[in-house]
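To start, the structure itself, in structure tokens.
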Amino acid sequence: MTAIELKNVSKTFGSYTACRDVSLAIPEGEFVTLLGASGCGKTTTLNMVAGLEDVSSGDILMGGRRVNDLSPVQRDVAMVFQNYALYPHMSVARNIGFTLKMRGMDASEVRRRVEKVAASLELSSMLDRLPSQLSGGQQQRVAIGRALVREPKIFLFDEPFSNLDASLRMRMRAEVKELHQRLGVTSIFVTHDQEEAMSISDRIAVMNQGRIEQLGTPEEIYSRPATRYVATFIGSPRIELAPGIIEQSHGTAVCKVGSTAIPLPAQTKPVEAGRQVEVGARPEYVKLSDGKGVPARVRLVQPVGPTTHVTLDWEGGTLVSSVPGFVRLAPGTATYAEIDPSHLLVFDRASGERLS
Ligand code: ATP
């Protein structure tokens, strides 16, 4: 069953359109992330689902029912924000149980639910502390606990980890993912961090200038990006693209970048000679070689542990190769770069759409 559906939802602030025609159907239990650069409309979209922002046009449905006119409370969603917004003078237990108490729930039942949630978030030993006596990650867990205790049908997360340091972010990602696997609450998560989106989501909606540019699983978004924008937004290190032109060579279409003719992947859509394109491959499909592929020169060597990112100059511009382990290469070294043709990504230069 579809838990949340956005049908052609738009939002304007005066003459500015923050969200355009956003359509998205989220089945019950799915974890969907809205991903995109700052200002692309992620938070506005989330706020419209929460009921914190009116919809300018279009419909929002929950469990098949139109909720455009329902208040946030009536929608039965729980939201976790970037700033945890805990009550500073209340203990962890009171912070978590506050909304239940406000609803008039019996004190012993509040206590039971708070203890259950605290146990699942490993907060049991901290129930009597004040927020100021907790680390950032612990405070964020309390904020999640406060949302969880309401047993909502829908969870909305707005960049919940952006105030945390890198290692804590990684831990919190794992915790939220495990929590979702355990409880299966339908969730929408907002982030501008593509790695975070990839690691946590069932599906990702990549947003650009108020629109959903592509909706797909992490694998689809990464391996089969619909557009140049998605290809370059996702992936670290970033894919580098070179300008090329389609030519016929011995009856088959190739992509010519400078003097280099690159065979097109078998699955490329029929494309006429003369079409201006941009081509590239993810760094793991660019290999350094002794003589095969295109001549290149090492510009930068960046070891990151499991791999080393080697940035190369070639006649098409820049290429990045991910080499397993550590490599010793001096900047300026002449080498060759071999691109796996089956993983070549080809985009129409004018429209940005993928052709391969
Ligand atoms: P970020 O990652 O920086 O939070 P975002 O993708 O969540 O960005 P939104 O907060 O949804 O972006 O904002 C989308 C656009 O709408 C931005 O250009 C923003 O300036 C504009 N905007 C948001 N709220 C309002 C408002 N109340 N009035 C006018 N413009 C607004």
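Every number for a ligand or one of its atoms is a count from 1 in the order of the listing.
Below 4.0 Å from some heavy atom of A18 lie the following atoms of ligand 1, by number and element: 15 (C), 16 (O).
For A37, the closest heavy-atom approach to ligand 1 falls below 4.0 Å. At least one heavy atom of E159 sits less than 4.0 Å from an atom of ligand 1.
In summary, E178 and R182 do not engage in a salt bridge, as defined by a charged side-chain N under 4.0 Å from a carboxylate O.
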Determine all donor-acceptor pairs shorter than 3.5 Å in which one atom belongs to a side chain in residues 294-303; sequence neighbours excluded.
| residue | atom | partner | partner atom | Å |
| --- | --- | --- | --- | --- |
| R297 | NH1 | G332 | O | 2.7 |
| R299 | NE | D313 | OD1 | 3.0 |
| R299 | NE | D313 | OD2 | 3.4 |
| R299 | NH2 | D313 | OD1 | 2.6 |
| R299 | NH2 | T318 | OG1 | 2.7 |

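No more than 12 heavy atoms of other residues, nucleotides or ligands lie within 6.0 Å of NZ in K7, so this atom counts as exposed by the packing criterion. More than 12 heavy atoms of other shown residues, nucleotides or ligands fall within 6.0 angstrom of atom NZ in K177.
Nearest protein heavy-atom contact of atom 21 (C) of ligand 1 is Y16 CE2, 3.9 Å. In this structure, the protein non-hydrogen atom closest to atom 10 (O) of ligand 1 is T43 CB, 3.7 Å. Ranking the protein heavy atoms by distance from atom 13 (O) of ligand 1 puts T44 OG1, 3.6 Å first. When hydrogens are left out, the protein atom nearest atom 2 (O) of ligand 1 is K42 NZ, 2.9 Å; that is the closest non-hydrogen contact.
Residue L100 is not grouped with residue M79 when hydrophobic side chains (ILVMFWY) are merged at heavy-atom distances under 4.5 angstrom, including chains of intermediate members.
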